[in-house]
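Comments concern the structure below.
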Amino acid sequence: MENLWLYLQFAINGIANGCLYALMALGMVLIFKTTDVVNFAQADMTMLSTFVAYTALTSWKWPFAGALVAAIIAAFIVGLIVERFALRPAQNAPVISLLITTLGVALIINAVAGGIWGYQTLPFEYPLKGRLFSIGNLSFTKHNALTVVVALVLSLGFFAFLKFTKIGIAMRATAQNKLAARLMGINVDRISMLCWGIGAAIGAVAGVIITPTITGINLNVMVSVMLKGFAAAVLGGFTSLPGALVGGLLIGVIENLFIAIPVDWVGQFRETFVFALIILILTVRPHGLLGETAHRGT
Amino acid sequence: MLRLEDVDISYGPIPALKEISLAIPQGQVVALLGPNGAGKTTLLRTISGILRPQKGTISFEGRRIERARTDKIVSAGIVQVPEGRQLFADLSVLENLRMGGFLRKDCDLQKDFDQVFSYFPVLRDRLSQAAGTLSGGEMQMLAIGRALVARPRLLLLDEPSLGLAPVIVQKLFTVIKDLNQRQGLTVLLAEQNAHLSLGISHYAYVLETGKLALSGTPGELRRNEAVQQLYLGTKTVVSHNKDRQIAASIRPLANVEEVRGEDRSDEDTH
Ligand SMILES: Nc1ncnc2c1ncn2[C@@H]1O[C@H](COP(=O)(O)OP(=O)(O)OP(=O)(O)O)[C@@H](O)[C@H]1O
Ligand SMILES: [Mg+2]
């Protein structure tokens, strides 16, 4: 019985973590769907915007919400710049070259951030400490509540944007058929740029909220978050936005359940287990959980 | 209204169109005929700014557009219904129509939707269906409807008859004719179906392997020996992948009489 509570508690923490992986995945899937590029710079772009939040919190003494907004704006601008100056000039290159371009962008951002903030791990102060409420032995921390609420509002808002606004529909249209989008007068370059901005901004939200739960912020701290986001996206099919959410939640929960298993080495190797499980799922469902099995004709 | 002068286009080193000069007067339906690979699609994509000519000029109502961005060309009033429909397959019928109005400043598209439904009532019943699940004929109707929502002044149609049953093709051509006659819409119609195209057009150009081979009124072209042989069915043309459609488009010369009834070039009326 004791154990059951423990597992439940870890599952709750897992849902919170999973929400953040899901957001990371959402950003990557959005960029992939409209531009066919897997953004391997997502970790470094997120790291950069999280450092902006750090500076806003510690140097400018901004409240946490203000720092979050600063990070979102910084990420959006970085996303626009990366699309405009790194990817668009190479847009007719083969996809593999574009992947290398994103790796190059990652290295550049990493160097720039290292120059500004240094190479050490900096503590990230977080105002939301302690628990919000408990049920039995289960405690719901303020952090978990914030994470879930933010992820829910953000993803629902984003889906509504894609569903109901003209620009949102144009984003989906561009993702499906660029030639037709251009022939309807949609400026496809501008839509790609917007997707990079929004994708980066969604990642930044995940980065800022997750940082306090890891030790602090440094240049490489986002890499494992991005990898899990990437895995979540793959698990969800990589072309499905709801799939990204489902994938993220699954990875978060599974990872935390591995921590709960009271055997030392299982906890240590939890990331290995998570990825092994993903491989297993993909052998059964090669197109991911919600991925399209085949392309429909036009 | 639209004028091309001495336009050359190549895909890399391979030339696709050479020295194309043509004019589309306001209020007319102009047909662009030619077999597979003649360069019809290439020409239409160039007009829409998807491809850039290596040489030559394209002007629309006096303004040069050969270097203009596609969205500028669309907002100037040239809208294309591309070959193979190119719908947004996972978007609903309504969303596809909304995208037709992407550049419209006024957000009131309902009147335009109603106009589309008056031509293609079947679309009204399928508003929330994904475009990719429509039948071929419905897809072509939606592709035309989507372009109409953009309020074109020059409509470019790239093989609207492709892969469709003769009755549906007939119906689409009736709509095209009606749009021209009642709304004054100017149309450039790229087709392999010479019979029907000549039946609704004022003038036609014949494209062969990247060059304009002939041009004339429908009456002139029908009397032309080469056109009869190649397009009007006294000789069977079968080239690679579209023979099914070619087979549908080729009919014996005896049928010319019945199409002539619809012909609108003066010299052709008996
Ligand atoms: N993207 C491309 N790259 C290289 N060559 C191309 C490309 N698109 C078309 N071509 C070539 O240009 C020529 C004209 O093709 P185009 O598609 O314009 O012909 P078409 O008249 O539209 O034919 P169809 O009736 O089959 O649609 C063909 O020889 C074709 O192989
Ligand atoms: Mg063609």
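Chain letters run A, B, ... following the sequence lines, proteins first and then strands; every chain starts at 1.
Distance check: B:T70 OG1 to A:I186 CD1 gives 11.5 Å after rounding to the nearest 0.5 Å. The CD1 atom of A:I169 sits 7.5 Å away from atom OG of B:S92, with the distance rounded to the nearest 0.5 Å. Interatomic distance, CE of A:M184 versus CG of B:D71, reported as 12.5 Å (0.5 Å rounding).
A:R182 is not listed as a side-chain neighbour of B:R69, based on a closest heavy-atom distance of 4.5 Å or more. A 4.5 Å side-chain heavy-atom check between A:L183 and B:I50 finds at least one atom pair inside the cut-off. B:L91 is listed as a side-chain neighbour of A:Q176, based on a closest heavy-atom distance under 4.5 Å.
Within a 6.0 Å radius of CZ in B:R52, more than 12 heavy atoms belonging to other residues, nucleotides or ligands are found. A 6.0 Å sphere centred on CZ of B:R3 holds no more than 12 heavy atoms belonging to other residues, nucleotides or ligands. Within a 6.0 Å sphere centred on NZ of B:K72, heavy atoms belonging to other residues, nucleotides or ligands number 12 at most. More than 12 heavy atoms of other shown residues, nucleotides or ligands fall within 6.0 angstrom of atom CG in A:L156. A:R190 CZ: 12 or fewer foreign heavy atoms inside a 6.0 Å radius.
Within the 4.5 angstrom heavy-atom criterion, no atom of A:A175 approaches chain B. Residue A:K178: no heavy atom, backbone or side chain, is found under 4.5 Å from chain B.
What you find for B:Q86 and A:N177 is that their closest heavy atoms are OE1-ND2, 2.9 Å. Pairing each heavy atom of B:F88 with each of A:A180, the nearest pair is CE2-CB, 3.6 Å.
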Next item on the list: Take A:K166 and B:F102 through the side chain to side chain contact (heavy atoms under 4.5 Å, CB included) test and state the conclusion after the steps.
Entry: CA-CA 7 Å; A:K166 188 162 93 170; B:F102 183 78; 4.0 Å; yes

